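Quick caveat: nothing in here was measured; it's all calculated off a predicted structure.
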Amino acid sequence: MRDAYHEELDSIGDSLVEMARLVGSAIGRATAAILDADLKLAESVIEGDEKVDDLQHDLEARAIALLARQQPVATDLRIVVTSLRMSADLERSGDLAQHVAKLTRLRYPERAIPQDLHATILEMGQLAQRLMAKAAEVIITKDVDLAMQLEQDDDAMDLLHRTLFQHLMDERWKHGIETAVDVTLLGRYYERYADHAVAVAKRVVYLVTGEHADELQSDIQPDIQPVSGVEGA
């Protein structure tokens with residue numbers, strides 16, 4: 001019975017990894033769709049989100065069954081509860097990729113993104129995909145150091161998000177209000193997607209250590225050595 005129990009715990013972890021890989025692929029394909037006005041690719045992203053939803057529902061059902069049958073405590077309980085929260089983050093990431101694809105469909109056959117913003121949106125999409133790939137790796141390896149790196153990586157997404165707003169606020173903006181709204185929404189989708197990838201990594205930190213990532217970071221004090229000739233200044 002205990003072997004079957006731990007196999008079920010492992011299978012929940014496998015489902016999380018599969019969800020992370022699916023939503024990582026989705027944001028990459030959604031980015032390509034919106035940049036190329038590729039309706040077929042956008043539709044595949046929209047339809048593919050159903051599989052992510054199904055995985056989450058199945059994971060929730062198995063996790064709740066484990067809670068009811070096994071009444072886990074300590075680390076095992078942390079695994080089940082944290083997995084439920086990670087699945088919600090991943091499901092929401094899939095929704096955000098779907099939102100990008102739906103914007104492609106809404107503006108088709110026109111391109112939603114002006115040519116002068118293509119490079120920024122492409123970079124945001126690629127970064128989002130890399131963040132989710134790293135989150136999947138963290139789920140597999142339980143590498144706390146790697147998990148802690150994601151928040152630093154997310155700073156790059158925040159910078160790209162601000163870059164979009166700089167374009168929107170530029171007096172030379174010539175693409176109209178509708179496009180400005182589209183770009184604003186799109187930037188928010190990528191920024192929130194990255195936040196969910198970071199949240200997944202933080203939950204792994206809690207799963208492994210029993211402490212929240214923010215608490216661990218505050219415990220790390222920089223090793224600052226006094227500079228010669230400055231002491232007592």
Side-chain angles (χ1 to χ4, degrees), residues 11-64 80 82-113 118 120-140 150 153-154 157 160-161 164 181-204:
S11 75
I12 287 175
D14 292 341
S15 294
L16 289 171
V17 173
E18 185 176 0
M19 288 181 71
R21 288 174 173 165
L22 284 172
V23 300
S25 172
I27 197 65
R29 291 183 293 119
T31 301
I34 200 160
L35 292 178
D36 298 336
D38 188 330
L39 182 60
K40 184 176 180 181
L41 186 57
E43 293 289 3
S44 75
V45 174
I46 294 166
E47 293 169 6
D49 189 56
E50 185 176 346
K51 184 172 183 180
V52 176
D53 293 342
D54 288 344
L55 279 169
Q56 189 202 18
H57 296 155
D58 179 64
L59 186 152
E60 285 180 343
R62 284 184 286 137
I64 291 170
V80 176
T82 303
S83 295
L84 284 169
R85 290 172 176 169
M86 283 194 284
S87 74
D89 284 312
L90 293 168
E91 188 275 335
R92 183 58 184 146
S93 299
D95 287 345
L96 290 163
Q98 187 183 59
H99 291 339
V100 175
K102 285 182 175 180
L103 185 56
T104 303
R105 184 171 66 183
L106 179 65
R107 300 303 176 208
Y108 184 81
E110 301 299 324
R111 294 175 186 262
I113 305 303
H118 271 217
T120 302
I121 296 301
L122 176 61
E123 192 172 354
M124 293 181 86
Q126 291 174 338
L127 178 57
Q129 196 167 6
R130 289 198 302 272
L131 282 166
M132 192 56 71
K134 190 175 284 189
E137 185 179 353
V138 167
I139 295 171
I140 294 168
L150 257 78
D153 295 340
D154 183 47
M157 183 66 81
L160 288 167
H161 193 206
L164 282 184
V181 172
D182 289 346
V183 170
T184 300
L185 288 173
L186 196 61
R188 182 60 173 164
Y189 297 153
Y190 284 114
E191 189 264 341
R192 289 298 298 144
Y193 183 101
D195 286 346
H196 284 295
V198 172
V200 168
K202 285 184 172 182
R203 296 193 196 285
V204 173

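Annotation: the span from Leu59 atom CG to Ser87 atom OG amounts to 5.0 Å, rounded to 0.5 Å. Here the straight-line distance linking atom OG of Ser83 with atom CE of Met19 works out to 11.0 Å at 0.5 Å rounding. In this structure, the separation between CG on Leu96 and CG on Asp49 is 9.5 Å, given to the nearest 0.5 Å. With rounding to the nearest 0.5 Å, the separation of OG1 in Thr184 from CG in Leu164 is 8.0 Å. Atom NZ of residue Lys202 and atom CG of residue Leu150 lie 10.5 Å apart, to the nearest 0.5 angstrom. The CG atom of Leu160 sits 10.5 Å away from atom CG of Leu122, with the distance rounded to the nearest 0.5 Å.
What you find for Leu41 and Ala32 is that their closest heavy atoms are CD2-CB, 3.8 Å. Closest heavy-atom contact between Pro109 and Ala37: O-CB, 4.1 Å. Taking each heavy atom of Leu55 and Leu22 in turn, the nearest pair found is CD1-CD1, 3.5 Å. Minimum heavy-atom separation, Tyr190 to Met157: O-CE, 3.9 Å. Summarising the geometry of Val100 relative to Ala30, their closest heavy-atom pair is CG1-O, 3.6 Å, with the distance given to 0.1 Å. Ala194 approaches Leu131 most closely through the heavy-atom pair CB-CD1, 3.6 Å.
Under the 4.0 Å criterion applied to side-chain N and carboxylate O atoms, Asp89 and Arg85 are not assigned as salt-bridge partners. A salt bridge does not link Glu18 to Arg21: none of the charged nitrogens lies less than 4.0 Å from a carboxylate oxygen. The existence of a salt bridge linking Asp195 and Arg192 is confirmed by a sub-4.0 Å separation between a basic side-chain nitrogen and an acidic carboxylate oxygen.
A donor-acceptor contact shorter than 3.5 Å links the side chain of Asp38 to the backbone of Lys40. The closest donor-acceptor contact from the side chain of His196 to the backbone of Arg92 lies at 3.5 Å or more, if one exists at all. Judged purely by atom type and a 3.5 angstrom limit, Tyr193 has no side-chain atom pairing as donor or acceptor with the backbone of Gln129.
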Report task. Take Gln56 and Leu90, measure what side chain to side chain contact (heavy atoms under 4.5 Å, CB included) needs, and give me the verdict at the end. Result -> CA-CA 8 Å; Gln56 189 202 18; Leu90 293 168; over 6 Å; no

Requested in this report: With salt bridge (charged side-chain N to carboxylate O under 4.0 Å, His left out) as the test, would you mind laying out the steps for Arg107 and Glu110 before giving the verdict?
Outcome: CA-CA 5 Å; Arg107 300 303 176 208; Glu110 301 299 324; over 6 Å; no

Requested in this report: May I have the step-by-step check of side chain to side chain contact (heavy atoms under 4.5 Å, CB included) for Val23 and Val52, ending in yes or no?
Outcome: CA-CA 8 Å; Val23 300; Val52 176; 3.9 Å; yes

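With sequence neighbours left out, Arg105 forms a side chain to side chain contact (heavy atoms under 4.5 Å, CB included) with Leu39, Glu43, Ile46, Lys102.
No side-chain heavy atom of Val204 sits under 4.5 Å from any side-chain heavy atom of Thr82. Between Arg62 and Ile12, the closest side-chain pair of non-hydrogen atoms falls below 4.5 Å.
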Let me check something: any side-chain donor-acceptor pairs from residues 132-140 under 3.5 Å, sequence neighbours excluded? List them with distances.
residue	atom	partner	partner atom	Å
Lys134	NZ	Asp153	OD2	2.6

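Side-chain N/O atoms of Arg29 and Ser25 include a donor and acceptor closer than 3.5 Å. Counted by atom type alone, Arg111 and Thr104 present zero donor-acceptor pairs between their side chains at under 3.5 Å.
Within a 6.0 Å radius of CD in Glu60, other residues, nucleotides and ligands contribute more than 12 heavy atoms.
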